[in-house]
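Quick caveat: nothing in here was measured; it's all calculated off a predicted structure.
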Amino acid sequence: MTEDEGAKEKAGRFNYGIVKFTDVVEENKAKEMQEIVTLACEKWAAGDKPPSLRDNEKCALQIANNLMKKFGPGWNAVVGEAFSFEISYTKATLMYMYFGGHLGITVWRTN
């Protein structure tokens with residue numbers, strides 16, 4: 001890969017979360033959830049890391065554990081590059097977002 005190709009590839013990435021959908025009503029809670037997801041993705045699945053060093057499972061585990069510490073039990077997280085979902089969840093707890101231009105993240109709470 002030439003220097004120009006590497007620069008173009010890196011320019012297409014972003015290291016912040018973009019919330020695609022959420023039904024969380026409380027703005028502060030939604031921002032805290034987004035921050036928890038972003039921190040875990042930066043640590044385990046950042047786009048500037050080579051694919052062999054990314055670990056989506058550890059990223060999802062850290063997200064779920066941190067959400068449980070902050071908001072109580074029952075949180076779930078899925079992190080991946082290609083997935084679909086159909087879930088049952090507690091109202092006002094679902095967030096679907098993108099990170100780094102290559103990851104989709106879904107977090108939700110069940111009873």
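- Of the inter-residue distances, the one linking C41 atom SG with I36 atom CD1 reads 12.0 Å to the nearest 0.5 angstrom.
- R109 places no side-chain N or O within donor-acceptor distance of the main-chain N or O of N76, the cut-off being under 3.5 Å.
- Panel note: side chain E81, backbone G104; no donor-acceptor pair is recorded below 3.5 Å.
- Between K31 and E35 there is no salt bridge, since no side-chain nitrogen of the basic residue lies less than 4.0 Å from a carboxylate oxygen of the acidic one.
- Tested against L67, the residues M33, M95, Q62, E32 include a single side-chain contact (heavy atoms from CB on, under 4.5 Å) partner, M33.
- Between E42 and T38 the shortest side-chain heavy-atom distance falls below 4.5 Å.
- Hydrophobic clustering (ILVMFWY, side-chain heavy atoms < 4.5 Å, transitive): M68 and V24 are in one cluster.
- The structure places CG of N56 at 12.5 Å from CG of L61, a figure rounded to the nearest 0.5 Å.
- With contacts defined as side-chain heavy-atom distances shorter than 4.5 Å, the pair F85/Y96 qualifies.
- D23 places a side-chain N or O within 3.5 Å of a backbone atom of L94 that can act as its donor or acceptor partner.
- Between N66 and W75 there is no side-chain heavy-atom pair separated by less than 4.5 Å.
- In this structure the side chain of W44 never reaches within 4.5 angstrom of the side chain of E57, judged on heavy atoms.
- With contacts defined as side-chain heavy-atom distances shorter than 4.5 Å, the pair I105/I63 qualifies.
- Side-chain contact between S88 and T110: absent, with no pair of heavy atoms (C-beta onward) separated by less than 4.5 Å.
- Criterion: ILVMFWY side-chain heavy atoms under 4.5 Å apart, direct or through other members. Under it, Y89 and V25 are not part of a common hydrophobic cluster.
- Closest of all the heavy-atom pairs between A45 and L103 is CB-CD1, 3.3 Å.
- The shortest distance between side-chain heavy atoms of M97 and I18 does not fall below 4.5 Å.
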Please test V79 against F99 for side-chain contact (heavy atoms from CB on, under 4.5 Å), starting from the C-alpha separation and ending with a verdict.
-> CA-CA 10 Å; V79 177; F99 179 85; over 6 Å; no
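- Taking the side chain as every heavy atom from C-beta outward, F71 and K29 approach each other to under 4.5 Å.
- Closest approach of K49 to L53, counting heavy atoms only: CD-O, 4.3 Å.
- Within the cation-pi definition used here (under 6.0 Å to the ring centroid, within 45° of the axis), K20 does not qualify as a partner of Y98.
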